[in-house]
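A note on names: the letters A, B, ... follow the listed sequences, proteins ahead of strands, and every chain is numbered from 1. Only a predicted model underlies this, so the values are computations on that prediction, with no experimental measurement involved.
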2 protein chains.
Amino acid sequence: MANISERSPDEAVSVLSENAEQRNDLNFCQACSVRNRAICADLDDHEVELLNGIGRRRHLDPGETLLWEGEEAIFVANVVSGVMKLSTQTSDGREQILGLAYPSDFIGRPFGETSPYSADALGEVVVCVFRRMDFERFAHEHPRLERKLLERTLSELDKTRRWMLLLGRLNAEERLATLLLEIFSRNTAPMCGYASPQDNDHFELPMSRQQIADILGLTIETVSRQFTKFRDEGVIAMSGRRRVTVRRREVLEALAK
Amino acid sequence: MANISERSPDEAVSVLSENAEQRNDLNFCQACSVRNRAICADLDDHEVELLNGIGRRRHLDPGETLLWEGEEAIFVANVVSGVMKLSTQTSDGREQILGLAYPSDFIGRPFGETSPYSADALGEVVVCVFRRMDFERFAHEHPRLERKLLERTLSELDKTRRWMLLLGRLNAEERLATLLLEIFSRNTAPMCGYASPQDNDHFELPMSRQQIADILGLTIETVSRQFTKFRDEGVIAMSGRRRVTVRRREVLEALAK
DNA sequence: TGCAGTCTTTGAGGCAGATCAAATTGGTTC
DNA sequence: GAACCAATTTGATCTGCCTCAAAGACTGCA
């Protein structure tokens, strides 16, 4: 199933526009754009070098899957650039997106037999992949990393629980407002490393209407109608299908609970 | 706000029916009913003794709150007996229950400034409370505990994500079936420590219809109608409002996705 | 520049679950 | 065991979102 065991740092780096990362593939950590924000941030140079030795850069095409729900959990990874979606399915095929992973986010399930979700690339993605076993061993030997992983997992849990409020209690309008603000803040965050950092008030949606619907627990039609509504009300403006300009941020903020 | 800083191990122990725990309050860990399943399971005798020194037993009455959402995160705790609910609210007062904490479950937010949720007792509850700072220091010094906390947090995250599928994609019938099975399995699990361990096929609901509605993201009326439906179909039987007998488990299992 | 294919928007209608209102029940107290 | 109160159930109606269907608009490619 999982067909990503080949090492392909070269091809991975080749799609990056950041020059610093094209130097070589033997110590890419040092030039990594998420080096200071990812789970490896607290490690010293020596530790980074060791980590570098067990990790591999990998490029994912849009739609490509890194982890399959229910499959053996072979890999863990850091997102370097692009956005990935984490999703799960009911036995009869309904999909629920569990969250998005942005640059510097950690994905995978350490200390678990099987992957609790599928992880696939929304657009072009570069990840830093570790064999789960290697990563676990490294974490054992380097408490700082383990600690960092704990802190990340705790805040991931907080974030996930906040999302439960959205799925359980918010209406379609409030849900879309919440998502737009989240993407907005992720894109305008300093040094976010995602695609081309956007200035001030507009950004590119990293996913299709259908994917937005899956994230929000709605249908594509309902999502589309809400976009139209926001546009008609002058809350946002759109050019093309994915470029959004936020015109009245305060309206979105009042809606996002 | 948080008014639980007084130490009250005596009163806490007094409400327990388990004789072993009534001995004294100086080393209650040794006699603790969740000793082998809680986060402290991997600690050796010496470590348990140290942990014992910083923790306090505390009794909570039904409805009493241990943690307030948004307040400073002063405490973390283990549930010893009873069931607690973790919940969050929208700014306009809609509540969403984030999960239930059963005996041996860990609650609170280590390494965080404020509590991301409220935690209150559904019925009579006994918890083992630690000041967050004390607990964090202890965790730092005892990697086995930190490791255990990491593992727990990771599986809590898995559980929470599975719940997102319920809130995002399941209908009322499927939601109630899922909850009934969860409570059922928690109650019949060996050594569960909750109230009176139930035999075979019937159990006591630890919460009201309104609370079930909040957990499932439904209204009380819809929950009530689903109970009636399950009863009419012979899937469950009820005596009183809270005692449930599961008659056709396979029907519930087919519904729970 | 035109065509094909896919994604998105729009429209019409239906339905699950919400809302509002009233009746019933179970549990508690005296 | 009667009376009271809160919790629950039941009924009637409404509505937000879903479903189904079709038109429209981007994108890539020849």
Side-chain angles (χ1 to χ4, degrees), chain A residues 61-63 85 90 92-96 122-124 166-180 204-233 235-244 255 257, chain B residues 61-63 85 90 92-96 122-124 166-180 204-233 236-245 255 257:
Chain A
D61 289 320
K85 70 163 202 203
T90 57
D92 59 352
R94 282 169 280 179
E95 181 184 38
Q96 175 64 50
L122 284 181
E124 302 282 339
L166 176 139
L167 293 176
R169 289 287 180 240
L170 302 196
N171 64 27
E173 185 182 36
E174 295 166 333
R175 292 183 195 201
L176 185 57
T178 305
L179 182 67
L180 289 177
E204 188 98 5
L205 292 172
M207 73 290 272
S208 69
R209 296 285 185 277
Q210 182 58 62
Q211 286 167 333
I212 291 176
D214 289 334
I215 292 171
L216 298 178
L218 299 169
T219 59
I220 184 174
E221 294 94 334
T222 299
V223 169
S224 177
R225 282 182 243 270
Q226 290 303 328
F227 266 107
T228 304
K229 187 152 162 289
F230 281 151
R231 192 157 39 69
D232 292 350
E233 294 169 352
V235 177
I236 61 170
M238 306 214 53
S239 67
R241 283 161 169 169
R242 295 199 168 193
R243 180 157 298 276
V244 179
L255 285 169
K257 299 297 157 37
Chain B
D61 289 320
K85 68 163 201 202
T90 57
D92 60 350
R94 282 170 280 178
E95 179 183 41
Q96 175 64 50
L122 284 181
E124 303 282 341
L166 176 141
L167 293 175
R169 289 286 180 242
L170 302 197
N171 65 27
E173 185 182 35
E174 294 165 335
R175 292 182 195 201
L176 185 57
T178 305
L179 181 67
L180 289 177
E204 189 97 5
L205 292 172
M207 73 289 273
S208 70
R209 295 287 184 276
Q210 182 58 61
Q211 286 166 332
I212 291 176
D214 290 334
I215 291 171
L216 298 179
L218 299 169
T219 58
I220 184 174
E221 294 93 335
T222 299
V223 169
S224 178
R225 281 183 244 271
Q226 290 302 329
F227 265 108
T228 304
K229 188 153 161 289
F230 280 150
R231 192 158 38 69
D232 291 350
E233 295 169 350
I236 61 170
M238 306 214 53
S239 66
R241 283 163 168 168
R242 295 199 169 194
R243 181 157 296 277
V244 178
T245 305
L255 286 169
K257 296 300 155 42

Distance (rounded to the nearest 0.5 Å) between A/I236 CD1 and A/L180 CG: 6.0 Å
Whole-Å gap separating C1' (C/dT10) and CZ (A/F227): 16 Å
Rounded to the nearest 0.5 Å, the CE atom of B/M207 sits from the CG atom of B/D214 at a distance of 10.5 Å
Quick check: closest heavy atoms across B/I215 and B/Q96, and the distance to 0.1 Å? O-NE2, 3.5 Å
Decide yes or no, distance alone: a donor-acceptor N/O pair under 3.5 angstrom between the base of C/dC7 and the side-chain of A/Q210. no
Which sits closer to the 5' end of DNA chain D, A/T219 or A/G240, going by the nucleotide each is nearest to? A/T219
Provide, to the nearest angstrom, the distance between the CZ atom belonging to B/R94 and the C1' atom belonging to C/dA18. 13 Å
Considering only distance and modelled atom types, tabulate donor-acceptor pairs under 3.5 Å from the side chains of residues 216-227 of chain B, sequence neighbours left out.
residue, atom, partner, partner atom, Å
B/T219, OG1, B/T222, N, 3.4
B/T219, OG1, B/T222, OG1, 3.1

Report each atom pair, protein N/O against N/O of nucleotides 23-25 of chain C, whose distance is under 3.5 angstrom.
residue, atom, partner, partner atom, Å
C/dT25, O2, B/R241, NH2, 2.5

With a 4.0 Å heavy-atom cut-off, tell me which residues in residues 166-174 of chain A come close to DNA chain D, sorted by residue number. A/N171, A/A172
Report the end-to-end axis angle of the helix from C/dT1-D/dA30 to C/dC30-D/dG1; each axis comes from five terminal pairs, and the value is rounded to 10°. 40°
At 4.0 Å (heavy atoms only), tell me whether A/S208 reaches a base, stays on the sugar-phosphate, or touches nothing. sugar-phosphate
Whole-Å distance separating the CE atom of A/M238 from the C1' atom of C/dT9: 12 Å
In whole angstroms, how far is the P atom of C/dA16 from the NZ atom of B/K229? 10 Å
B/R209: partners by salt bridge (charged side-chain N to carboxylate O under 4.0 Å, His left out), with sequence neighbours left out: none
Quick one: side-chain contact (heavy atoms from CB on, under 4.5 Å) partners of A/R94, sequence neighbours excluded? A/T90, A/D92, B/R169, B/L170, B/E174, B/K257
Scan A/S224 against the nucleic acid and name what it touches under 4.0 Å (heavy atoms): base, sugar-phosphate only, or nothing. base
Just how far is it from atom CD of B/E95 to atom NZ of B/K85, taken to the nearest 0.5 Å? 4.0 Å
Heavy-atom check, side chain of B/L176 versus side chain of B/K229, under 4.5 Å: no
Chain B on DNA chain D: first and last contacting nucleotide, 5' to 3', under 4.0 Å to a heavy atom? D/dA7 to D/dA12
Could you tell me the separation between the CE atom of A/M207 and the P atom of C/dC7, rounded to a whole number of Å? 16 Å
Taking the side chain as every heavy atom from C-beta outward, state whether A/R175 and A/L255 have any atom pair closer than 4.5 Å. no
At less than 3.5 Å, do the side-chain atoms of A/R225 and the base atoms of C/dG11 form a donor-acceptor pair? yes
Please report, rounded to the nearest Å, how far the C1' atom of C/dT8 is from the CZ atom of A/R242. 12 Å
Step-by-step side chain to side chain contact (heavy atoms under 4.5 Å, CB included) determination, B/M238 to B/T245: CA-CA 6 Å; B/M238 306 214 53; B/T245 305; over 6 Å; no
Rounded off to whole Å, could you give me the CZ-to-P distance for the A/R209 and C/dT8 pair? 6 Å
B/R243 CZ to C/dG26 P, straight-line distance once rounded to whole Å: 15 Å
All side-chain contact (heavy atoms from CB on, under 4.5 Å) counterparts of A/S208, not counting sequence neighbours: A/Q210, A/Q211, A/R242
